[in-house]
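Below you'll find the structure, written out as structure tokens, and then a few comments.
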Amino acid sequence: MILLPDSASMAIRSEGERSYPNECCGALLGEMDESGARAISEILPIDNGRETEERYHRFVIGPDDFMAAEKTARELGLGVIGFYHSHPDHPAVPSDYDRDHALPWYSYVIVAVESGVSGDLTSWELDADRSQFIKEL
Amino acid sequence: MPVTIQIPTALRVFTDKKPEIQADGATVAEAIADFASSYPDIKRHLYDEDGTLRSFINIYLGDTNIKNLGGLETPLKDGDTLMLVPAIAGGSGPR
Ligand SMILES: [Zn+2]
């Protein structure tokens, strides 16, 4: 269960449009309650760490950027509870590549960007046995 | 060699929410394998089907990525701290 305020989803959409035709990426900062419900407060855009010619269909947030995001979240009294990226000219559905590189527990928000304009925005969580993503938004 | 392994938030669901785990090993590979044997449900997230550490799982010894040291064969000292640091990766299509 994920609560994504309009301000955060609008920020993700504009990041996706700004990065088009490349993929944008970043962290979702917020809090998780006892029931496991995640409430996003804000997003933290992160530069796509992949080679320029791969960015149209790949993103990576490297380990140093990961640790920097954790630090930023802590300073705000929040946690990193998920990540977002865009799918330029692809539907907002996780790819096999997304699943192979995912971790449990996090929320993965995907925004489709069609010809530079954002479309569907979805959120997913990896199943415990890694076999599939479960749609949560 | 007793060492401490720091666990990223996403994997604490497998360590009873503990942020740090004690493990034993003379090298990084041995310490990670010792940790994984104590928490078997974590294995599929650390290793792929071939038993190779997943490419997006990075291991830091103190502040240094072991890729810049001796990799998995980096020797450990008593009291060293290892940190599991994922890289977050994905994309839109298979190719
Ligand atoms: Zn994707």
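Chain A is the first sequence line, chain B the second, and so forth, proteins listed ahead of strands; every chain is numbered from 1. Heavy atoms only: backbone and side chains are in, while hydrogens, waters and symmetry mates are out.
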#### Entry: Side-chain touch B:N58/A:F66, heavy atoms, less than 4.5 angstrom
no

### Task
Following the transitive rule for hydrophobic clusters with a side-chain heavy-atom cut-off under 4.5 Å over Ile, Leu, Val, Met, Phe, Trp and Tyr, establish whether A:L76 and A:L28 coincide in one cluster.
yes

### Message
Membership question, hydrophobic clusters at under 4.5 Å side-chain separation (ILVMFWY): are A:I110 and A:I81 in the same one?
### Response
yes

### Summary
Okay, A:D64 and chain B: the region with an atom under 4.5 Å from a heavy atom over there is both

### Query
So how far is it from A:M67 CE to B:D63 CG, rounded to the nearest 0.5 Å?
7.0 Å

### Query
Between CZ of A:R58 and OG of B:S92, what distance do you get to the nearest 0.5 Å?
7.0 Å

### Query
Pick from A:H85, A:R55, A:E70: which one has the most heavy-atom pairs with chain B under 4.5 Å?
A:H85

### Message
Is B:R54 close to chain A through its backbone or its side chain, or both, or neither, when contacts mean heavy atoms under 4.5 Å?
### Response
side chain

### Query
Which pairs count as ring pair (Phe, Tyr, Trp, His ring centres under 6.0 Å) when at least one residue sits in residues 73-93 of chain B, sequence neighbours excluded?
none

### Query
Is the backbone N or O of B:A89 less than 3.5 Å from a side-chain atom of A:R50, with the two atoms forming a donor-acceptor pair by type?
no

### Task
May I ask you to list the residues in residues 65-82 of chain B that approach chain A closer than 4.5 angstrom, counting heavy atoms only, ordered by number?
B:N65

### Under 3.5 Å donor-acceptor, A:H87 side chain and B:G91 backbone
yes

## Note on the structure
Filtered by a 4.5 Å non-hydrogen cutoff, the part of residues 8-15 of chain B contacting chain A is B:T9, B:A10, B:L11, B:V13, B:F14

### Query
At their closest point, which heavy atom of A:R130 faces which heavy atom of B:R44, and how far apart are they?
CD-O, 3.3 Å

### Task
Below 4.5 Å from any heavy atom of chain B, which atoms of A:A27 appear? Answer side chain, backbone, both or neither.
neither

#### Entry: Rounded distance (nearest 0.5 Å) linking atom CZ of B:F56 with atom CG of A:L103
4.5 Å

### Message
If you count heavy atoms of other groups shown closer than 6.0 angstrom to CG of A:D6, is the number above 12?
### Response
no

### Message
To the nearest 0.5 Å, what is the distance between CG on A:D129 and CG on B:D41?
### Response
11.0 Å

### Summary
Looking only at heavy atoms, the pair that brings A:A128 and B:H45 closest together is O-NE2, 3.7 Å

#### Entry: ILVMFWY network linking B:M1 to B:I5, side-chain heavy atoms under 4.5 angstrom
no

### Task
Tell me the residues of residues 111-122 of chain A whose non-hydrogen atoms fall below 4.5 Å from those of chain B, in number order.
none

## Note on the structure
Rounded to the nearest 0.5 angstrom, the CD1-CG distance for B:I88 and A:D98 is 11.5 Å

### Task
Identify whether A:L44 and A:V60 are in the same connected component of the hydrophobic contact network (ILVMFWY, side-chain heavy atoms under 4.5 Å).
no

### Task
Over all heavy atoms of both residues, which pair between B:Y60 and A:P63 is shortest? Give the atoms and the distance, please.
OH-CB, 3.4 Å

#### Entry: CG/A:D127: more than 12 non-hydrogen atoms of other groups inside 6.0 Å
yes

